[in-house]
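Written below as structure tokens is the structure these notes are about.
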Amino acid sequence: QVQLVESGGGLVQAGGSLRLSCAASGRTFSSYAMGWFRQAPGKEREFVASINWSTSTTDYAESVKGRFTISRDNAKNTVYLQMNSLKLEDTAVYYCARQPSRFRRFGSWGQGTQVTVSS
């Protein structure tokens, strides 16, 4: 059973930066891809970014392209989300998730970390 723990959230002014971390534990880490999702108040959870574990191929939501960067540290079983040029609309709870294979959906959600962007 893979457990995911997000950290690094906080309060930041618009235009600022934060780096989120997602640490996996509980079993030997093996994934097809890892991803970041977010959920703002009153909104459904939305996709933010993903990275293929073996190829490092990345994908980003249009709203964060050029501002966010997803990366991984295989030795530490950790995925990062570097967030730059933060906007008010980036305010949300950010969740890490694992896609075990190309044929399965993202799952094994963490508890999330709050990111609040102020004006």
Side-chain angles (χ1 to χ4, degrees):
Q1 185 71 48
V2 174
Q3 295 180 339
L4 304 175
V5 179
E6 301 94 339
S7 62
L11 176 64
V12 63
Q13 286 190 300
S17 300
L18 283 174
R19 189 183 75 159
L20 307 183
S21 298
C22 172
S25 63
R27 61 180 290 179
T28 301
F29 198 76
S30 180
S31 303
Y32 174 74
M34 296 292 294
W36 286 96
F37 295 74
R38 66 187 182 187
Q39 186 168 25
K43 301 291 186 66
E44 294 187 349
R45 183 149 50 190
E46 66 174 344
F47 169 79
V48 176
S50 67
I51 182 168
N52 184 284
W53 201 252
S54 62
T55 68
S56 295
T57 299
T58 58
D59 190 25
Y60 297 93
E62 185 66 29
S63 60
V64 307
K65 283 183 178 179
R67 301 188 298 119
F68 291 10
T69 302
I70 186 171
S71 61
R72 61 174 172 83
D73 186 332
N74 200 11
K76 296 182 179 180
N77 291 144
T78 300
V79 179
Y80 305 96
L81 184 68
Q82 179 66 46
M83 306 185 294
N84 299 325
S85 302
L86 284 162
K87 304 175 180 180
L88 293 178
E89 52 263 44
D90 294 320
T91 295
V93 177
Y94 283 71
Y95 298 90
C96 179
R98 170 178 176 263
Q99 183 177 17
S101 77
R102 62 175 295 191
F103 307 109
R104 300 178 65 183
R105 66 185 65 187
F106 282 96
S108 299
W109 306 95
Q111 292 299 306
T113 184
Q114 176 71 49
V115 172
T116 302
V117 183
S118 64
S119 61

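Reckoned from all heavy atoms, side chains included, excluding hydrogens, waters and symmetry mates. We're numbering straight along the sequence, starting at 1. Please read these numbers as outputs of a predicted model, since none were measured by experiment.
Residue M34 holds its CE atom at 12.0 Å from OH of Y80, rounded to the nearest 0.5 Å. Atom NZ of residue K65 and atom OG1 of residue T58 lie 9.5 Å apart, to the nearest 0.5 angstrom. The structure places NZ of K43 at 9.5 Å from CD of E89, a figure rounded to the nearest 0.5 Å. Y60 OH to L81 CG: the interatomic distance, rounded to the nearest 0.5 Å, is 7.5 Å. Rounding to the nearest 0.5 Å places OG1 of T116 at 11.0 Å from CG of D90. In this structure, OH on Y95 lies 5.5 Å from CD on Q39, to the nearest 0.5 angstrom.
A side-chain contact (heavy atoms from CB on, under 4.5 Å) with V117 holds for exactly one of L11, T91, L18; it is T91.
Side-chain heavy atoms closer than 4.5 Å link hydrophobic residues (I, L, V, M, F, W, Y) into clusters, and following such links, even through other members, never connects Y32 to F103. Under the 4.5 Å side-chain heavy-atom criterion for ILVMFWY residues, a single connected hydrophobic cluster contains both W109 and F47. At a threshold of 4.5 Å between side-chain heavy atoms, the hydrophobic network of Ile, Leu, Val, Met, Phe, Trp and Tyr places V48 and V93 in two separate groups. The hydrophobic cluster containing I70 also contains L20, counting ILVMFWY residues as joined when their side-chain heavy atoms lie under 4.5 angstrom apart, directly or transitively.
Closest of all the heavy-atom pairs between T78 and W53 is O-CH2, 4.2 Å. In terms of heavy-atom proximity, A24 sits nearest to V2 at CB-CG1, 4.3 Å. R72 approaches S56 most closely through the heavy-atom pair NH2-OG, 2.7 Å. Contact between R38 and A92 at its shortest, heavy atoms only, is CB-CB, 3.8 Å. Contact between T113 and G9 at its shortest, heavy atoms only, is OG1-N, 3.0 Å. Looking at every heavy atom in both residues, F106 comes nearest to S50 through CZ-CB, 4.1 Å.
In this view, S17 and N84 satisfy the side chain to side chain donor-acceptor pair (under 3.5 Å) rule, not counting sequence neighbours.
Looking at N52 and S54, their side chains do bring a donor and an acceptor atom within 3.5 Å of each other. Side-chain polar atoms of S31 and R98 form a donor-acceptor pair below 3.5 angstrom.
Sorted by first then second residue, the disulfide (SG to SG under 2.5 Å) pairs that include residues 39-119, not counting sequence neighbours, are C22-C96.
Two rings, from W36 and F68, have their centers 6.0 Å or more apart.
Q111 places no side-chain N or O within donor-acceptor distance of the main-chain N or O of E6, the cut-off being under 3.5 Å.
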